[in-house]
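Protein chains get the first letters and strands the later ones, always in sequence-line order, with residue 1 at the start of each.
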Amino acid sequence: MGLGAKRTLTRLFFIKFFFNSAKVTHLKVPSYLCKMNTKLSEQEILRRESLEALRKEGINPYPAEEVPVNVLSETIKQEFPIKPEKYTSVCVAGRVMTKRIMGKASFLSIKDSSGRIQAYINRDVVCPGEDKTLYNVVFKKQLDIGDFVSLKGHVFTTKTEEISIHVSELKLLSKALKPLPVVKTDSQGEKHDEFNDPELRYRQRYVDLIVNEGVKEVFVKRTQVFNTMREVFNEKGYLEVETPILQSIPGGAAARPFMTHHNTLDMPLYLRISNELYLKRLIVGGFDGVYEFAKDFRNEGMDRTHNPEFTILEIYVAYKDYKWMMEFTESMFEKIARKTTGSAEVSFDGKKINLAAPYQRVPILEAIKTHTGFDLIDKNEAEIKKIAESLDVETSPDMGKGKVIDAIFGDKCEKYYVQPTFITDYPIEMSPLCKKHRDDERLTERFELFINGTEIANAYSELNDPIDQKERFEDQLGLQEKGDDEAMFIDKDFLRSLEYGMPPTSGMGIGMDRLVMLLTGKTSIQEVIFFPQMRPEKNE
RNA sequence: GACUCGAUAGCUCAGCUGGUAGAGCAAUACACUUUUAAUGUAUGGGUCCUGGGUUCGAGCCCCAGUCGGGUCACCA
C-alpha cells in the first residue's frame, strides 16, 4: 500500500469518526455556505463573451509570464519633469481605471500600487502593420475597466500638461469579469458616484481599496504606527513575542470570552481576551522587556468603537514602574504622531488634539471630585452606590465597589478628557492585577490614558506579590458569585509563576485600532480594520 | 438588546395623493489621431431586500423577517 493511499484511508477513518462524534454539533454547515449564486448581469455576460473571444484570437487573458515592470507610476510623475531622459523606455503595469476612445487615438488611466497614471494609445503606433485588430478589437472592444494590463512606451507630457505614457505595446495581464464602480472626480475635486455604501465597502473591501482614494492610505498609516512602535521597542532591546490565543483560562482582563472546543483534548478552550498573564510569565522567565501585538477577542457588543476581534499592543518592562511608563508612553505617542501625520497635533471629530508630551496626570478620585463634587476615598460600597444613584449613574447588585466607581467615571468624567490625560491611582477593587499604591493601600499604581474621552491605554506597576495576587483573585471569585460574569478566573499556574519571583515590572496595553482611528481621523473602527466583522450575506 | 433611518439597473441616486419604474456614470453600437467628470447620436439593462396582507391595482400603505448605518444600553 502506497503512502498516499494509506493516508487517504486514515483520513476517511478520521472523517467517519469525526462525523459520528455526537459532541461535534457546531460543524453543521450553515446554508449560506452551500450555494453559489450564479445569476449574471448583462455586463458580466458580455465580459465572459469577451473572454472567450480573446481566447479564440489566441490571447491568453490570464498569462503566466513575469511582467518586466521597471517603474511605478508615482515615480514617473515625480521624476519625469526633472530627468526626462530616464523615461524613454518604461514598462508599467496596473488596473485600467478609465478609458476614453477618440477614433484612432485613445487615453486610458491605469492604477498601480503607487497611484494612477494616464496613457496615450495611438492606433498606428500600437499596430504599425496592416492588421489593426489589436487596437480596433482587443483594445477598443474587449479591454474593460478593471482589467490588468502592462504598458511599454515612453513618457511624455500631453497638450493639457499631464504626464502620460505614450504606449508602443499593450498586453492584457488579467481580465476582470465584474464591472468596477467608476468613481469620477471633477475639476473642482468633487467626487461623483462615489462607492460609499458602508455595507458594500466593508464586505468587498477589495473594491473599496481599488476605487476609493484614501482607503489604502489609512491602512498604510496603520502599519506605520505599528512599525514605529516596533522601532521604539526594538531600540530598547525589548523582544517581540507570541503567546497563546487559545487559552484554557481566559485571563488578564474583565470580559466575556468566545468559547470553542478542542476535539482531541476534548476540552473547552477560549479565545484570549488578553495576553497579559503570559507576558508576565515571560518576565518571570528572565526577559527584561517583552511585547506583543495581540489579536484579542471579546464576545460583547459591537459599535463604532468595538469589533469582536481587535488588536492590543501589550508591553512589559522589568525594573520599571507606572511613572516611567507614563513618560515612555507620552514620548512614544508624540513620535508616532509626528511620523505618521507629520505633526504632534491631530484633528479628530472636529477637535484639535495635541499629542506632544508631557500629558496631564489626574488621579481618578480627584477627577470624580472635580466633575461630581463627591470625594469617594474611604467610602464603602453602599455609600458609593448611593452617590452613584444620586448622580443618575445606573448600578446593579452584582457590581462591586470597583465597577461602581468605574461607572461613575465613565458616565460623568471621561468625556472631559479630550486632550491626552493620564488618569491615575485607581481604587484597588478595580484593578486585581495591579500593585498597591506605594503611598496609599486603598489605591493602585495604575493609569489609563484618555484621549478624546476614550481610553487608549491602560498600564500598571504590575502586582508581583504572589500572596496579594492570590487574595485579589479570590476577591474576583466573590464577584463571580455575586453574578459578575466578567470577574476574572483564578489562574493557578500564573500564581505559581509569581511565587518563583517576578521583578518589579511595569506593563501596558494600548488599543491599537483606536489609536489608528485617532491618527487617521476615522470615527468608526470599521474604517481601520480591513475586514470588520459582519453578518454573513444572505444567499438568494 | 432598544429606538431610529435606509435597501430601486454594475455604481450613485430620483420615483408625486397607490395606476405595470427613471436619470447620471458604467455597458452596447456608430463617429472622432493629445482627451481628462472627453464629446455627439442611438440602444440594451430591473426578483424595486424577502415573505405575507390590504386593494380592481403596491416600489409606495399595513404586518413579520433579513442585512446595513446611526443613537442608546451592555461593554474597555
Side-chain angles (χ1 to χ4, degrees), chain A residues 32 37 39-47 49-50 97-109 116 118-126 135 140-141 144-146 156-162 164 166 176-204 207 211-212 253-256 273-274 296 298-308 310 312 394 396 403 406-407 409-411 414 430 448-450 454-458 485-486 509-511 513-514 523-526 532 534-540:
Chain A
Y32 57 81
N37 191 348
K39 203 188 163 197
L40 296 177
S41 70
E42 184 192 33
Q43 293 191 48
E44 288 172 313
I45 292 164
L46 285 165
R47 285 179 180 225
E49 285 169 4
S50 290
M97 299 305 286
T98 64
K99 226 175 124 186
R100 292 183 290 280
I101 295 172
M102 292 165 306
K104 299 179 187 69
S106 300
F107 288 90
L108 70 156
S109 60
R116 293 186 187 213
Q118 179 175 264
Y120 171 73
I121 298 201
N122 185 301
R123 187 193 69 179
D124 299 324
V125 171
V126 181
Y135 182 82
K140 272 168 73 171
K141 300 200 189 291
D144 292 304
I145 289 173
F156 76 116
T157 307
T158 62
K159 265 197 217 163
T160 48
E161 290 183 346
E162 179 159 346
S164 309
H166 198 292
L177 295 181
K178 279 194 183 294
L180 212 53
V182 177
V183 180
K184 295 194 176 180
T185 309
D186 65 23
S187 44
Q188 272 85 51
E190 202 73 27
K191 284 218 177 88
H192 298 267
D193 303 326
E194 193 178 5
F195 180 64
N196 59 10
D197 179 339
E199 182 170 0
L200 289 177
R201 286 186 51 228
Y202 303 148
R203 284 195 198 283
Q204 301 184 46
V207 178
V211 303
N212 288 334
R256 274 187 288 268
I273 53 174
S274 164
D296 286 349
R298 298 189 184 175
N299 205 343
E300 289 160 356
M302 291 163 63
D303 59 32
R304 233 176 46 244
T305 54
H306 299 260
N307 196 59
F310 60 103
I312 284 195
E394 238 179 275
S396 61
K403 276 210 157 186
D406 196 24
F409 180 78
D411 252 37
E414 68 179 27
M430 296 172 66
E448 292 191 325
L449 173 58
F450 282 83
T454 314
E455 181 209 344
I456 294 277
N458 180 21
D485 58 359
E486 294 186 338
I510 295 174
D513 308 287
R514 290 181 185 176
T523 53
S524 163
I525 200 167
Q526 298 173 109
M534 292 246 165
R535 283 201 163 86
E537 283 176 79
K538 66 183 166 196
N539 195 282
E540 279 300 276

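- In this structure, A/N196 does not reach the B/G69 phosphate: none of its side-chain N or O atoms is under 4.0 Å from OP1 or OP2.
- In this entry the distance linking CZ of A/R304 with P of B/G70 reads 7 Å, nearest Å.
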Write down the protein N/O and nucleotide N/O pairs, taken from nucleotides 38-40 of chain B, whose separation is under 3.5 Å; answer none if there are no such pairs.
unit_1	atom_1	unit_2	atom_2	d
B/A38	OP1	A/K184	NZ	2.7
B/A38	OP2	A/R100	NH1	3.3
B/A38	N6	A/I101	O	2.6

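- A/K403 has no side-chain polar atom (N or O) that falls below the 4.0 Å cut-off from OP1 or OP2 of B/C74.
- At a threshold of 4.5 Å between non-hydrogen side-chain atoms, the residues A/Q526 and A/M534 count as touching.
- Under the ring pair (Phe, Tyr, Trp, His ring centres under 6.0 Å) criterion, A/F310 pairs with no residue at all, not counting sequence neighbours.
- The residue A/E44 sits apart from the nucleic acid: no heavy atom pair falls under 4.0 Å.
- Listed by first residue number, the stems of RNA chain B with at least three Watson-Crick or G-U pairs below 3.5 Å are B:1-7 with B:66-72, B:10-13 with B:22-25, B:27-31 with B:39-43, B:49-53 with B:61-65.
- OP1 and OP2 of B/U33 both lie 4.0 Å or more from every side-chain N or O belonging to A/R123.
- No contact: A/A253 has no heavy atom under 4.0 Å from any strand.
- Atoms CG and CZ, on A/L108 and A/R116 in that order, are 11.5 Å from each other to the nearest 0.5 Å.
- Across all strands shown, A/F195 has heavy atoms under 4.0 Å from sugar-phosphate atoms exclusively, and none from any base.
- Counting any heavy atom pair closer than 4.0 Å across all strands shown, A/R256 reaches sugar-phosphate atoms only and no base atom.
- Across all strands, A/Q118 comes closer than 4.0 Å to base atoms (heavy-atom distances).
- Across all strands shown, A/D406 has heavy atoms under 4.0 Å from base atoms, whether or not it also approaches the sugar-phosphate.
- Each of A/D411 and A/I312 has a nearest nucleotide on RNA chain B; the 5'-most of these lies closest to A/D411.
- For the pair A/D193 CG and B/U12 P, the interatomic distance rounds to 9 Å; values are reported in whole Å.
- Comparing the P positions of B/A23 and B/G44 gives an interatomic distance of 11 Å, to the nearest angstrom.
- Residue A/E414 contributes atom CD, which lies 12 Å from atom C1' of B/C75 at whole-angstrom precision.
- Of the P atoms belonging to B/G18 and B/A58, the separation is 13 Å, rounded to the nearest Å.
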